[in-house]
**Student:** 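What follows is a structure written as structure tokens; I'll ask about it next.
Because the structure is a prediction, the values reported are computed rather than measured. In the text below, chain A, chain B and the rest are named by the order of the sequence lines, each starting its count at 1.
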Amino acid sequence: MRRSHLFLKTRKEISKEEVSRNAQLLTRGSYVNQVMAGVYSYLPLGLRVLTKIEQIVREEMNAIGSQEVLMPALHPREIWDVTGRWDKVDVLFKLKGAGDRDLALGPTHEEVVTPLASTVINSYRDLPQAVYHIQTKFRNEARAKSGLLRGREFRMKDLYSFHTTQEDLDTFYDRVMAAYMKIYRRIGLGERTLITYASGGVFSKYSHEFQTLTDSGEDVVYAIPGTTEVLGVQERFAINSEIIDDQEALRGILPNYQPGDEQKLVQHKTIEVGNIFKLGTRFSSACGLTFADKDGKPQHPIMGCYGIGPSRMMGTIAEILSDEKGLIWPEEVAPYKVNLLNLKASDATTTQAADALYDTLQRAGVEVLYDDRDVSAGEKFADADLLGCPWQAVVGPKGAEKGVVEWANRRTGAKQELPVGQWPW
RNA sequence: CGGGGAGUAGCGCAGCCUGGUAGCGCAUCUGGUUUGGGACCAGAGGGUCGAAGGUUCAAAUCCUUUCUCCCCGACCA
């Protein structure tokens, strides 16, 4: 993509009112644009990042055998009455449809997926099943804040699984846990993300959250020393502060627990980037979802639900993986792998060399953003640093004559000159 | 929802206290000089001062109401 054609306008300044780092950087870089508190448009660069994150989520969900569907954002009141949650979920957006009909914008999809599952599940032979979708969710937060971290409208992948036995759910639940950690590693947050024991909200007594370490987070967790194996991989665990006084929970989590042990754990601020629950039969019974067991008797499937927020993950990456100059995207989620800079667009030789490199990179299948504008070199460097693509390929008058390209790594700052046609990776 | 701060040009801000022709920077447009770390000179366009009401000869400025945004707290399937 040529920078001169790209739909964006980067900015040097941002309101001093906006203190959220992710909002500052993503707005200055023209990745997103705020429409109202907690609601954003995604511009071409932002959409590319979001789409890449969602694609990684999609791949890992498919890899554990779950299947993608797409459920609606607009819900009739009736399905929320069935589960008794029309008046219970205080963040539920309610609106009136034609004929004064009560409608809601979906904050989650148990009420949709459970009846949907009943069209497919009749017998134990139809189980287990797992379906997910990646979609825009709506929650009427009393206070949206922190840029993409806490929105009223946001992207979410929610997966729902249906099982004949608790053991089958437990097995699948662990696979989802492992898949989630794989996602965090791929998007560059793996090192900082802890699997966290948490309360289960209204669904279950306990759940697991995925908490990423950052001082701008709004949660507090206590890190458990050492690691625990999850399907062959050593993972770090933590305990959410909301259950740190729950002795029963602590006995179940910490081996040889003695009262007071929890005070030795180290406290961290974190942002919640995922949450998985064992639902039991809460929704299958409320919605009348049954299957015939081997004796022909009706049973309610045991359910699990598993959420992860791509837009929040994007905000978290921007929040954490950045420096004073701008964003630093991990390779798998970067809008473009290479930001090619033509330092002197008014010079025919330089432009010819830069155009040729752009062409070569594209033909090699490398995603490249080509800054072909006739503006000062300093502006291009500053802009490239702000946008944060992993590699900067610099073509200037000197290099063009010698037939070399200067490659700079955005994260490390390391620079090297390479002959045209060679890549640094 | 409670407390605090803020709304003035596309963006970032000053002006308000002490009422009297609405300013600066960035961005944009024109011309010229520049070109390896957000260049420079000259010129130009762009404003219902968040909204409504009130006080006054006169309101961006004072008073009342209201909306929105940001922060802290509460809340957070």
**Student:** Find which nucleotide of RNA chain B each of A/Lys88 and A/Ala144 is nearest to by heavy atoms, and output the residue with the more 5' nucleotide.
**Tutor:** A/Ala144

**Student:** Taking any heavy-atom pair under 4.0 Å as a contact, classify A/Ile14: base, sugar-phosphate, or nothing.
**Tutor:** sugar-phosphate

**Student:** Determine whether any donor atom in the side chain of A/Glu13 lies under 3.5 Å from an acceptor atom in the base of B/G25, or the reverse, and answer yes or no.
**Tutor:** yes

**Student:** Please state how far atom CZ in A/Arg150 lies from atom P in B/G73, giving the value in whole angstrom units.
**Tutor:** 11 Å

**Student:** Just call it for A/Ala142: base, sugar-phosphate, or nothing, with non-hydrogen atoms closer than 4.0 Å on any strand.
**Tutor:** base

**Student:** Does the structure show a Watson-Crick or G-U wobble partner for B/U56, both distances under 3.5 Å? Name it, or say none.
**Tutor:** none

**Student:** Across the strands shown, which category fits A/Ala377 at heavy-atom distances under 4.0 angstrom: base, sugar-phosphate, nothing?
**Tutor:** sugar-phosphate

**Student:** Where the side chain of A/Glu406 is concerned, which of B/G36, B/G38, B/G37 is the nearest nucleotide?
**Tutor:** B/G36

**Student:** Between A/Gln392 (CD) and B/G36 (P), how many Å, whole number?
**Tutor:** 16 Å

**Student:** On the side chain of A/Arg143, is there an atom forming a donor-acceptor pair with the base of B/G73 - under 3.5 Å, no angle test?
**Tutor:** yes

**Student:** Where does the angle between the aromatic ring planes of A/His109 and A/His75 fall among parallel (under 30°), tilted (30 to 60°) and perpendicular (over 60°)?
**Tutor:** perpendicular

**Student:** A/Gln24 has an atom CD; how far is it from atom P of B/C70, in whole Å?
**Tutor:** 13 Å

**Student:** Whole angstroms only, please: what is the CG-P distance between A/Asp87 and B/A77?
**Tutor:** 17 Å

**Student:** Between A/Asp102 and A/Lys96, does any NZ, NE, NH1 or NH2 come within less than 4.0 Å of an OD or OE carboxylate oxygen?
**Tutor:** yes

**Student:** Do the side chains of A/Arg185 and A/Glu235 get close enough for a salt bridge, i.e. N-O under 4.0 angstrom?
**Tutor:** yes

**Student:** Classify the ring geometry of A/Trp329 against A/Tyr31: parallel below 30°, tilted from 30° to 60°, perpendicular beyond 60°.
**Tutor:** tilted

**Student:** Measure distances between side-chain N and O atoms of A/Glu17 and base N and O atoms of B/G5, and say whether any donor-acceptor pair falls under 3.5 Å.
**Tutor:** yes

**Student:** Kindly indicate whether a cation-pi arrangement holds for A/Arg48 with A/Tyr336, taking the cut-offs as under 6.0 Å to the six-membered ring centre and within 45° of the axis.
**Tutor:** yes

**Student:** Distance check: side-chain N/O of A/Lys16 vs OP1/OP2 of B/A14, anything under 4.0 Å?
**Tutor:** yes

**Student:** Between atom CG in A/Leu149 and atom P in B/C76, what is the gap in whole Å?
**Tutor:** 19 Å

**Student:** Tell me the interatomic distance from A/Lys12, atom NZ, to B/C13, atom P, rounded to whole angstroms.
**Tutor:** 15 Å

**Student:** Could you check which of B/G36, B/C72, B/A77 has an atom nearest any side-chain atom of A/Lys145?
**Tutor:** B/C72

**Student:** Between B/G38, B/C76, B/C11, spot the one nearest the side chain of A/Arg11, thanks.
**Tutor:** B/C11

**Student:** Where the side chain of A/Arg139 is concerned, which of B/A77, B/G38, B/A74 is the nearest nucleotide?
**Tutor:** B/A77

**Student:** Which nucleotide in the list B/A27, B/A77, B/G37 gets nearest to the side chain of A/Lys9?
**Tutor:** B/A27

**Student:** Take the protein atom CD of A/Glu18 and the nucleotide atom C1' of B/C71, then report the distance between them rounded to whole Å.
**Tutor:** 10 Å

**Student:** Output the single nucleotide from B/G38, B/A27, B/C1 whose closest atom is nearest the side chain of A/Asp383.
**Tutor:** B/G38

**Student:** Does A/Trp425 have A/Lys337 sitting over its ring (NZ/CZ under 6.0 Å from centre, angle to axis within 45°)?
**Tutor:** yes

**Student:** With a 3.5 Å cut-off and just heavy-atom distances, do the side chain of A/Arg28 and the base of B/G38 make a donor-acceptor pair?
**Tutor:** yes

**Student:** Is any side-chain N or O of A/Ser376 closer than 4.0 Å to OP1 or OP2 of B/A39?
**Tutor:** yes

